[in-house]
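Remember, it's a predicted structure, so these values are computed and weren't measured experimentally.
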Amino acid sequence: MGMQLDRTHLLQRVAATICPGSGYLSGGCGRTCGTTVCRARLRLTAAEWVASLPALGEVLYLRGPAECPVRAGLSHGVLVESAELAPLLQTRALAAAGAITQDGPREWIECMSDGGRVVARLYLLPDTDYLAWDALQVGAGPAWEEPTRVSSTSWRPVSARLLRFRVRRLAGMQLLGAEAGIGASSLGRDLAARIARDEVLSR
């Protein structure tokens, strides 16, 4: 009988190497040693994709530059409260990614535009709802290419924030917003800070 991967325990081990209260490296480099990515075209509509985000709870959100943020959502009945969230309206495919760093595993979802460009990343944290995280990947649809080692050298995040998404109705449209992860644990905050720092250092 095969053993099941205890992701909660593994993430706790990763976070345990962080300097308490600082969010900085306590020794060694946390950059990824290799990345395995499995992509899937979104089976969800734009409205369903946006509506599924609040269930995730606290996540680390890294965004890239957005193009035509208003046009990206209007035709699908979706708006965002701020330009910071505009890349999520451009998402047409998801890539489930995992990497083994020198201090343990990390897992994230890459949000990809029609042209295959990564426009945002959502990182799994100890405070993230794991069932909602897995459901989001299942809802994306079947994989359209085999898992492969890839380089993310073209990915350039412009900001990183610990967020909890929310959706409300406005004039018949869905309005996607977010609030700072005020409910995040110190474990989640420390890990988010470390991931964000590594993303900057690795570019």
Do [X] and [Y] have side-chain heavy atoms sitting under 4.5 Å apart?
{"X": "Glu179", "Y": "Phe165", "answer": "no"}
{"X": "Leu94", "Y": "Gln137", "answer": "no"}
{"X": "Arg194", "Y": "Arg106", "answer": "yes"}
{"X": "Leu53", "Y": "Leu176", "answer": "yes"}
{"X": "Leu88", "Y": "Val78", "answer": "no"}
{"X": "Leu56", "Y": "Leu124", "answer": "no"}
{"X": "Ile195", "Y": "Trp108", "answer": "no"}
{"X": "Ser159", "Y": "Leu62", "answer": "no"}

I need the minimum non-hydrogen distance between [X] and [Y], along with the two atoms involved.
{"X": "Leu44", "Y": "Ser52", "result": "CD1-OG, 4.5 Å"}
{"X": "Glu107", "Y": "Trp133", "result": "OE2-NE1, 2.9 Å"}
{"X": "Leu60", "Y": "Ala196", "result": "CD2-N, 4.1 Å"}
{"X": "Arg189", "Y": "Ala184", "result": "NE-O, 3.6 Å"}
{"X": "Leu191", "Y": "Pro126", "result": "CD2-CD, 3.7 Å"}
{"X": "Ala83", "Y": "Pro87", "result": "O-CD, 3.9 Å"}

**Asked** Do Val119 and Met112 share a hydrophobic cluster, counting only Ile, Leu, Val, Met, Phe, Trp and Tyr and linking them when any side-chain heavy atoms are less than 4.5 Å apart?
**Response** no
**Request:** Salt-bridge test for Arg164 and Asp127: reply yes if a basic N is under 4.0 Å from a carboxylate O, no otherwise.
**Result:** no
**Message:** If the threshold is 4.0 Å, N to carboxylate O, is there a salt bridge linking Glu81 and Arg168?
**Reply:** yes
Please check if the side chain of [X] supplies one atom and the backbone of [Y] the other of a donor-acceptor pair under 3.5 Å.
{"X": "Arg121", "Y": "Val118", "result": "no"}
{"X": "Glu48", "Y": "Thr45", "result": "yes"}
{"X": "Arg92", "Y": "Ser113", "result": "no"}

Between [atom1] of [X] and [atom2] of [Y], what distance do you get to the nearest 0.5 Å?
{"X": "Tyr130", "Y": "Thr128", "atom1": "OH", "atom2": "OG1", "value": "6.5 Å"}
{"X": "Asp114", "Y": "Thr91", "atom1": "CG", "atom2": "OG1", "value": "10.0 Å"}
{"X": "Gln90", "Y": "Cys111", "atom1": "CD", "atom2": "SG", "value": "10.5 Å"}
{"X": "Leu125", "Y": "Leu162", "atom1": "CG", "atom2": "CG", "value": "6.0 Å"}

**Message:** With side chain to side chain contact (heavy atoms under 4.5 Å, CB included) as the criterion, how do Leu175 and Val167 come out once you've worked through the C-alpha distance, each side chain's angles and the decisive distance to 0.1 Å?
**Reply:** CA-CA 6 Å; Leu175 183 63; Val167 175; over 6 Å; no
**Prompt:** What do the steps show when you test Glu84 against Tyr61 for side chain to side chain donor-acceptor pair (under 3.5 Å), and what is the final call?
**Reply:** CA-CA 10 Å; Glu84 177 184 33; Tyr61 171 63; over 6 Å; no
